[in-house]
Structure formats: structure tokens, C-alpha cells
Number of protein chains: 2
Amino acid sequence: MMMDFDEKSRQHQLKITPQRTAIFKILTTARNHPTADNVYQEVKTEFPNISFDTVNRTLLTFAEVGMIEVIESNGHCRRFEPNLKTHHHFYCVGCGEITDFFHKEYDNLEIPENISRRFHVTGKRMVIKGLCDKCI
Amino acid sequence: MMMDFDEKSRQHQLKITPQRTAIFKILTTARNHPTADNVYQEVKTEFPNISFDTVNRTLLTFAEVGMIEVIESNGHCRRFEPNLKTHHHFYCVGCGEITDFFHKEYDNLEIPENISRRFHVTGKRMVIKGLCDKCI
DNA sequence: TATTAAATAGGAGTAATTACTATTTGTCAA
DNA sequence: TTGACAAATAGTAATTACTCCTATTTAATA
């Protein structure tokens, strides 16, 4: 997995720094959809002097080259998605928690022609909304 | 339409104030997916002394009772959706603009059983990502 | 191992949102 | 109608999330 990291970094001309390595490692084992601050707090235990800006910029850089994804956050702070396999989201409108799920039937649905004609489509995701058991 | 507003307000025990009436009217004619500040700027022409907090709280209140919807915003500021008809979104990862579209094939897809069992589902939406012509 | 462009830490600045408080207003029951 | 009261408002302060700036350090390369 970290081999992946070095390889992907070289692919995109990103320098491999200890900070970036640590951030990426945290992402691969992250609880669901961490915020920049979640990652910052965790990486600080290893690099007490790391700045929030470094963490945040690194996450945005990773997202820019496609190593992670920025996901919908409904007005709260930005969340990152380390899971790049095709999948879908359940979003709890109560607590804002996002749960990944897989469902083959959604994966291969066709893009409507009036969208594929107007836009350059790179992906799609079903977002199901509702309440989790804690919020009912 | 404004009759709707009075009716819905009473349904949810919301007091009908001139400020709320104006905000709702702006929403019904809004350009796509206004932010709280968009609405604030517009309502200020009618109520120069209205506070941002009133506008923001009102929008959240409307969303809470289901008169509008809060939509995915990928880390930028919160956006509101006045269109309650079943529809889907194209999201431009370049400029962040969200375009509504209708597509019957997506509307009646079944919710996977492992989701409907775990959660109380209230809605679903296909979110297609990519670049608009301005951002390619 | 010297060069150089990129990355970092630290802090300042900005934008979006939320909290607080005194005052005003809409609703409902008498 | 009117009076009581809970809810809503304006104005402002505070907080949170994010971005920008600059001097210094570091990774990649040749």
C-alpha cells in the first residue's frame, strides 16, 4: 500500500516527504471520511510541529491528482474519501455521517445523453438520504 | 405558491413573518442553488435592516421542516435547493456549480436491502461529477 | 554534493457560520 | 379586540474552517 504511495507520488511528480507519507498512511486506515482537522490531530502525534496548512494542502493535492476524493458535505466542513473503488453513500441528515455502500446495480447505470453531451463526466454516485438509528 | 407558504408554515407551527415571506419568495424564483449570502443580499433590498443571522436561521428552519433542502457542497459554502421535485445533480469539480437534471430511469431505482434495513431512508439522488465546458 | 524547485512551519488573514442578548412581533385564548 | 407569551428579529461578538504569506528547509536531479 505504501509502495503504491511512492509509485503514485512519482507518477504525479509529487515529492515524497515524511509528512506526506504519514498523512497518506493515516488515510488508508482512516475511520470513515475524515476532515482535514481529523487528519491533522492524528498526524500531530507523530509530527508535533506539523502545521494545519500542510495537512490541508496535502489533502487537496492528493485529491487533485486523484489519490483520494473530496466528497459532499452539506455545508459542514470538507470531508475526504480514501476509498476509490466505485461505491455509493448513505448520508444521515441528522448527524451528517456518511456511510459507504456497494451496490452493483447502481454502478453501471447509463449517463443520460443530455448530460454526457453537455459535460465531461468523470464519475457518478448514488447518494441516499435519511436518518441513522442514532438520529431517528 | 405563496398560499403554499402560509399553509406550510402553519402545518409546521412556523410563525408567518414578513421576513420569512420575503425569503421564501426569493427562493421560489432563485437562480440555481443560492447560498445564504445570496439570499441575504437579495432580501436586503427589501429589508435593509435584516440580519444575516435571520436569513441563515430561516433557511435552516425551512430545510428542517422540508420546505427546501440543503445540498452537497464539497467543502465550499452551504447551498440551498428550492426544487423539491425528484431530480438529480451534475456537479462540476472545477467551479463547483451544480446543475439540476431530470431522468426518470434514476427516479425509481430500488434502495438496496442492506440500506433500507439499517436506515430510515427519505430520499435519494444521483450525483454525476465532471467538468462543465467553462472548466475543461 | 551542489542546485533548485517544491514543500514546510508558523502565523496572519478571510469567509462562513453560529451564539448571545435585548427588543419586537405573531399567535391564540379569553 | 386585547393581553400574554413564546417565537422571531436585529445587531453584534465569537467561533470554525479554510486560505494566504513568508522565511526556511528539504527532496530530487544531475
Side-chain angles (χ1 to χ4, degrees), chain A residues 2 5-24 26 33-65 67-68 70-80 95-96, chain B residues 2 5-24 26 33-65 67-68 70-80 95-96:
Chain A
M2 292 319 279
F5 173 67
D6 289 13
E7 211 172 295
K8 281 182 186 172
S9 294
R10 276 189 281 271
Q11 258 174 41
H12 297 101
Q13 283 88 44
L14 298 184
K15 292 186 177 170
I16 298 167
T17 68
Q19 292 90 334
R20 282 183 175 171
T21 305
I23 289 168
F24 190 79
I26 285 167
H33 314 112
T35 64
D37 191 61
N38 292 154
V39 177
Y40 173 58
Q41 294 306 330
E42 199 169 339
V43 78
K44 254 206 308 195
T45 64
E46 193 177 345
F47 292 87
N49 292 329
I50 199 167
S51 71
F52 174 81
D53 189 43
T54 296
V55 176
N56 194 50
R57 246 183 321 91
T58 299
L59 291 168
L60 292 176
T61 302
F62 287 171
E64 210 168 327
V65 303
M67 290 164 66
I68 59 174
V70 180
I71 55 172
E72 69 274 5
S73 62
N74 293 258
H76 299 94
C77 67
R78 190 186 277 136
R79 290 185 175 276
F80 297 92
C95 60
Chain B
M2 293 317 278
F5 173 67
D6 289 13
E7 212 172 296
K8 283 182 186 172
S9 294
R10 274 188 283 269
Q11 257 174 43
H12 296 101
Q13 284 87 45
L14 298 183
K15 291 186 179 174
I16 299 166
T17 68
Q19 291 91 334
R20 284 183 172 169
T21 305
I23 290 168
F24 190 79
I26 285 166
H33 314 112
T35 64
D37 192 62
N38 292 152
V39 176
Y40 173 57
Q41 294 306 330
E42 197 169 341
V43 77
K44 256 207 306 196
T45 63
E46 192 177 344
F47 292 86
N49 292 330
I50 200 168
S51 71
F52 174 81
D53 188 44
T54 296
V55 175
N56 195 50
R57 246 183 322 89
T58 299
L59 291 168
L60 292 176
T61 302
F62 286 172
E64 210 168 325
V65 302
M67 289 163 66
I68 61 175
V70 180
I71 55 172
E72 67 276 4
S73 61
N74 293 260
H76 299 91
C77 68
R78 188 184 279 136
R79 291 185 176 276
F80 297 92
C95 60

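To find a chain, count down the sequence lines: A is the first, B the second, and so on, and within it residues start at 1. These numbers come from a predicted model, not from an experiment.
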Student: Please give me the minimum heavy-atom distance between B/R79 and B/N38, naming the atom from each residue.
Tutor: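 The pair with the smallest heavy-atom distance is NH1-OD1, 4.4 Å.
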Student: Restricting to nitrogen or oxygen on both sides, can you table the protein-nucleotides 20-22 of chain C pairs closer than 3.5 Å?
Tutor:
unit_1	atom_1	unit_2	atom_2	d
C/dC20	N4	B/D53	OD2	3.2

Student: What does B/L59 touch in the nucleic acid at a heavy-atom separation under 4.0 angstrom: a base, only the sugar-phosphate, or nothing?
Tutor: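 No contact.
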Student: With salt bridge (Lys or Arg N to Asp or Glu O under 4.0 Å) as the rule and sequence neighbours excluded, what pairs involving residues 49-64 of chain A come up?
Tutor: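 As it turns out, the salt bridge (Lys or Arg N to Asp or Glu O under 4.0 Å) pairs with a partner in residues 49-64 of chain A, which skip direct neighbours, are A/D53-A/R57.
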Student: By nearest heavy atom, map A/F52 and B/F52 onto DNA chain D; which one lands nearer the 5' end?
Tutor: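 Of the two residues, B/F52 wins.
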Student: Okay, side chain of B/R20, backbone of B/K15: is any donor-acceptor separation there less than 3.5 Å?
Tutor: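 Judged by distance alone, yes, a pair lies under 3.5 Å.
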Student: Could I get the full list of side-chain contact (heavy atoms from CB on, under 4.5 Å) partners for A/C77, not counting sequence neighbours?
Tutor: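 Once residues adjacent in sequence are excluded, the partners of A/C77 under the side-chain contact (heavy atoms from CB on, under 4.5 Å) criterion are A/T35.
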Student: Grab the two heavy atoms, one from A/K8 and one from A/H12, that are nearest each other, plus how far apart they are.
Tutor: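 Nearest pair, atom of A/K8 first, then A/H12: O-ND1, 2.9 Å.
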Student: Rounded to the Å, how far apart are A/F47 CZ and C/dG10 C1'?
Tutor: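 One finds 17 Å between C1' of C/dG10 and CZ of A/F47, rounded.
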Student: Tell me, please, which residues at least two apart from A/S51 pass side chain to side chain donor-acceptor pair (under 3.5 Å).
Tutor: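 Residues passing side chain to side chain donor-acceptor pair (under 3.5 Å) with A/S51: A/T54.
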Student: Mind checking which nucleotides bracket the chain A contacts on DNA chain D, 5' to 3', with an atom under 4.0 Å from a heavy atom?
Tutor: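 First and last nucleotides in contact are D/dA17 to D/dA28.
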Student: Take nucleotides 23-30 of chain C nucleotide by nucleotide from the 5' end and write B, S or -, depending on whether a protein heavy atom sits under 4.0 Å from the base, only from the sugar-phosphate, or from neither.
Tutor: ---BS---
Student: Which is true for A/T35 with a 4.0 Å heavy-atom rule: it touches a base, it touches only sugar-phosphate, or it touches nothing?
Tutor: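 No contact at all - A/T35 keeps every heavy atom at 4.0 Å or more from the nucleic acid.
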Student: Please find the pair of heavy atoms, one from A/V70 and one from A/F80, that lie closest to each other, and give the distance.
Tutor: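 Minimum heavy-atom separation between A/V70 and A/F80: CG2-CE2, 4.0 Å.
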Student: Check side-chain contact (heavy atoms from CB on, under 4.5 Å) between B/Q41 and all other residues, then give those that pass, not counting sequence neighbours.
Tutor: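 Checked B/Q41 against side-chain contact (heavy atoms from CB on, under 4.5 Å); matches are B/D37, B/K44.
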Student: Using side-chain contact (heavy atoms from CB on, under 4.5 Å) as the criterion, list what pairs up with A/N56, not counting sequence neighbours.
Tutor: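 A/N56: side-chain contact (heavy atoms from CB on, under 4.5 Å) contacts with A/A36, A/F52, A/L60, A/R78.
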Student: What distance separates A/L14 CG from A/F5 CZ, expressed to the nearest 0.5 Å?
Tutor: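 Rounded to the nearest 0.5 Å, the CG-CZ separation comes to 7.5 Å.
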Student: Would you work out how much the helix from C/dT1-D/dA30 to C/dA30-D/dT1 bends between its ends, with each end axis defined by five base pairs, to 10 degrees?
Tutor: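 Comparing the axis at each end, I get an angle of 50°.
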Student: So, taking the atom named CG in A/L59 and the one named CD1 in A/I68, what distance separates them when rounded to the nearest 0.5 Å?
Tutor: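 Spacing of CG (A/L59) from CD1 (A/I68) equals 5.0 Å.
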Student: Please enumerate all residues that pass side-chain contact (heavy atoms from CB on, under 4.5 Å) together with B/I26, with sequence neighbours excluded.
Tutor: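 In terms of side-chain contact (heavy atoms from CB on, under 4.5 Å), with neighbours along the sequence ignored, B/I26 is linked to B/V39, B/E42, B/V43.
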Student: So how far is it from B/I71 CD1 to B/H33 NE2, rounded to the nearest 0.5 Å?
Tutor: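 Between atom CD1 of B/I71 and atom NE2 of B/H33 there are 4.0 Å.
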Student: Under 4.0 Å, counting only non-hydrogen atoms across every strand here, what does B/N56 touch: a base, just sugar-phosphate, or nothing?
Tutor: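 The residue B/N56 makes base contact.
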Student: Start with the C-alpha distance between A/I16 and A/R10, add both sets of side-chain angles, then the distance that settles side chain to side chain contact (heavy atoms under 4.5 Å, CB included), and finish with yes or no.
Tutor: CA-CA 8 Å; A/I16 298 167; A/R10 276 189 281 271; 3.6 Å; yes
Student: Indicate the atoms forming the closest heavy-atom contact of B/F47 with B/Q19, along with that distance.
Tutor: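 Looking at all heavy atoms of both residues, the closest pair is CZ-N, 4.2 Å.
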Student: Heavy atom of residues 36-45 of chain B under 4.0 Å from DNA chain D: which residues?
Tutor: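 Under 4.0 Å from DNA chain D: no residue of residues 36-45 of chain B.
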